[in-house]
Amino acid sequence: ITFNKTTSTEDSHIYINGQQFQIAKEAGEGMITLDCENGIAYKNGVNVTKYCLLNSDGYQPLVLNPGRNQISYTYIDQLKIKPKWRTLAV
């Protein structure tokens, strides 16, 4: 997932199917990449993981359900989700 965080004075939020994820204002402005599979977030090559995907339970990866998902966000633009398709051996 990549997105542009548009403010450094407010926390940004991503909402997926009613679950809120916070990107703290300390992450600053600019393009952030979230590698949800590995639990890493970075901006301009700098690790900003400790400021991203926070909720009341601490770090939580973004998970999409099969089919339609409701996604919204605040203080973010240019949100792009690139799936990592896998083939499981049978």
Side-chain angles (χ1 to χ4, degrees):
I1 298 172
T2 59
F3 60 87
N4 182 46
K5 187 170 181 327
T6 59
T7 181
S8 61
T9 59
E10 298 284 339
D11 293 339
S12 299
H13 297 92
I14 299 172
Y15 303 90
I16 298 180
N17 300 322
Q19 188 171 13
Q20 174 181 295
F21 300 91
Q22 176 180 313
I23 296 85
K25 62 185 174 188
E26 290 81 6
E29 290 181 45
M31 292 302 291
I32 295 177
T33 299
L34 304 175
D35 179 343
C36 297
E37 189 172 42
N38 293 311
I40 300 170
Y42 52 93
K43 183 179 81 172
N44 298 325
V46 176
N47 188 321
V48 293
T49 303
K50 67 182 179 181
Y51 304 121
C52 296
L53 299 183
L54 305 171
N55 65 23
S56 59
D57 298 325
Y59 169 80
Q60 295 293 316
L62 295 170
V63 177
L64 298 176
N65 297 326
R68 291 182 177 228
N69 291 268
Q70 291 184 334
I71 300 172
S72 61
Y73 41 86
T74 60
Y75 301 112
I76 288 174
D77 63 16
Q78 301 177 40
L79 180 81
K80 296 179 183 177
I81 299 173
K82 180 180 176 184
K84 291 190 175 184
W85 301 109
R86 294 187 240 177
T87 303
L88 301 177
V90 181

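Atom NZ of Lys43 is surrounded by more than 12 heavy atoms from other residues, nucleotides or ligands within 6.0 Å.
Residues Ala27 and Ile23 come closest through the heavy atom pair CB-CG2, 4.0 Å. Residues Lys5 and Ala24 approach most closely at CE-O, 3.4 Å, considering heavy atoms. Nearest approach of Leu34 to Ala41, heavy atoms of both residues: CD2-CB, 3.5 Å.
Applying the side-chain contact (heavy atoms from CB on, under 4.5 Å) test to Glu29 and every residue at least two apart in sequence or in another chain returns Ser8. With sequence neighbours left out, Asn44 forms a side-chain contact (heavy atoms from CB on, under 4.5 Å) with no residue at all.
With hydrophobic clusters built from ILVMFWY side chains whose heavy atoms lie under 4.5 angstrom apart, Ile71 shares a cluster with Ile32.
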Check residues 72-83 and write down every donor-acceptor pair under 3.5 Å in which the side-chain atom is one partner and the other belongs to a residue at least two apart or another chain.
{"from": "Thr74", "atom 1": "OG1", "to": "His13", "atom 2": "N", "distance (Å)": "3.3"}
{"from": "Thr74", "atom 1": "OG1", "to": "His13", "atom 2": "ND1", "distance (Å)": "3.4"}
{"from": "Asp77", "atom 1": "OD1", "to": "Asn4", "atom 2": "ND2", "distance (Å)": "3.0"}

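Annotation: side chain of Phe3 is in contact with side chain of Ile14 (closest heavy-atom distance under 4.5 Å).
At distances below 3.5 Å, not a single donor-acceptor pair connects side-chain atoms of Asn47 with backbone N or O atoms of Tyr42.
For the atom pair Thr49 OG1 and Asn38 CG, the distance stands at 10.0 Å (nearest 0.5 Å). The OG1 atom of Thr7 sits 9.5 Å away from atom NZ of Lys25, with the distance rounded to the nearest 0.5 Å.
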